[in-house]
Engineer: 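Have a look at this one.
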Amino acid sequence: MQWQLLSSLSEADRARVLAATRPCHFDRGEVLVHEGDPGQSLHLVRRGRLGVRVSRPTGESLTLNVLSPGDAFGELAAIGQAHRRTATVVAFEPAETLSLSGTVFKALCQQHPAVERLVVRLLVERVDQLSQRLIEALYVGVDQRVFRRLCELCEIYGKGAPGTVVPLTQDDLAGLAGASRPTVNQVLQRLHLEGVVEVGRGRLRVLDPAALRLRATG
């Protein structure tokens with residue numbers, strides 16, 4: 001398994017980080033961390049897909065992101081910042097992570113300064129992603145945002161291949177696209193009639209990824 005977060009490290013430093021982790025296993029639907037809990041560990045996603053969710057004032061949850069093998073989360077805990085988890089992370093399928101406690105990470109940083117730059121890099125990527133999503137929300141139409149999120153999910157679940165099944169609900173897609181569920185349903189129904197996607201209960205099947213990509217970039 002290769003993690004982008006570790007790619008800039010030397011082989012020796014990468015081995016030190018991985019040797020300090022412990023494997024954690026989660027069943028489908030199991031919560032890895034709860035929003036509001038103390039942040040105590042950084043997680044490297046080794047297997048499975050995870051949903052990042054936040055609570056709305058109405059009590060409903062909103063899906064903000066989908067993590068897959070090679071991703072990481074919990075970076076603030078790794079640099080010893082006292083904070084609460086800003087989101088709940090739930091396993092969309094059986095999953096495994098490598099957990100690195102903040103205490104262990106701090107000790108690694110003291111011995112190997114290159115390791116500390118890992119989290120700085122991850123934080124920069126987070127800020128960049130948030131900035132891009134904000135620009136999208138302000139200047140990109142909702143239809144195109146739905147197309148873009150579907151393209152990303154097709155890559156995550158099937159590497160962009162025709163027939164890829166995305167086992168997420170329309171509520172999940174609405175959160176990812178920053179749209180309401182009725183609006184997302186209307187977009188999906190149009191795509192369904194055009195033969196681009198197949199809409200099922202709690203899942204979507206991408207039949208024509210090429211056509212979807214054209215809409216996402218148009």
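Note that the numbering runs from 1 along the sequence shown for the chain.
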Engineer: With a 4.5 Å cut-off on side-chain heavy-atom distances among I, L, V, M, F, W and Y, is there a chain of contacts connecting L168 to V199?
Structural biologist: yes

Engineer: May I ask you to test the R53-L64 pair for a side-chain heavy-atom distance under 4.5 Å?
Structural biologist: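 No. Closest side-chain heavy atoms not under 4.5 Å.
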
Engineer: Under 4.5 Å between any side-chain heavy atoms of V54 and E35, yes or no?
Structural biologist: yes

Engineer: Checking side-chain polar atoms at under 3.5 Å, does D172 have a donor or acceptor matched by the opposite partner on T169?
Structural biologist: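 There is such a pair between these side chains.
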
Engineer: Please assess R14 against E11 for the test salt bridge (Lys or Arg N to Asp or Glu O under 4.0 Å), listing each intermediate value before the final yes or no.
Structural biologist: CA-CA 5 Å; R14 185 162 54 247; E11 184 175 346; 5.3 Å; no

Engineer: Tell me every residue that passes salt bridge (Lys or Arg N to Asp or Glu O under 4.0 Å) with D208, counting only those two or more places apart in sequence or in another chain.
Structural biologist: none

Engineer: Looking at residues at least two apart in the chain, or sitting in another chain, which of them share a ring pair (Phe, Tyr, Trp, His ring centres under 6.0 Å) with F147?
Structural biologist: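 Expected list: none.
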
Engineer: Work out which heavy atom in A216 is nearest to a heavy atom in R148; give both atom names and the distance.
Structural biologist: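 In terms of heavy atoms, the two residues are closest at O-NE, 3.3 Å.
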
Engineer: Quick check for you: to the nearest 0.5 Å, what is the distance between L188 atom CG and T183 atom OG1?
Structural biologist: 11.0 Å

Engineer: Tell me whether L176 shares a hydrophobic cluster with L212, the cluster being built from Ile, Leu, Val, Met, Phe, Trp, Tyr side chains joined at under 4.5 Å.
Structural biologist: yes

Engineer: So, R47 and E93, do they make that salt bridge, N to O below 4.0 Å?
Structural biologist: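 No, R47 and E93 are not salt-bridged.
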
Engineer: Where do R215 and E194 land on the salt bridge (Lys or Arg N to Asp or Glu O under 4.0 Å) test, with the steps shown first?
Structural biologist: CA-CA 12 Å; R215 287 165 171 77; E194 295 167 5; 2.6 Å; yes

Engineer: Salt bridge or not for R85 and D37, using N-O below 4.0 Å?
Structural biologist: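 No.
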
Engineer: Going only through I, L, V, M, F, W and Y residues with side-chain contacts under 4.5 Å, is there a path from V187 to L173?
Structural biologist: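 Linked, V187 and L173 end up in one cluster.
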
Engineer: After noting the C-alpha distance and the side-chain angles of E155 and R49, does the key distance pass the salt bridge (Lys or Arg N to Asp or Glu O under 4.0 Å) rule?
Structural biologist: CA-CA 12 Å; E155 287 292 333; R49 281 90 175 182; over 6 Å; no

Engineer: Less than 3.5 Å apart, which donor and acceptor atoms pair up between the side chains of residues 19-31 and the rest of the protein, not counting sequence neighbours?
Structural biologist:
residue, atom, partner, partner atom, Å
T21, OG1, L18, O, 2.7
E30, OE1, D27, N, 2.9

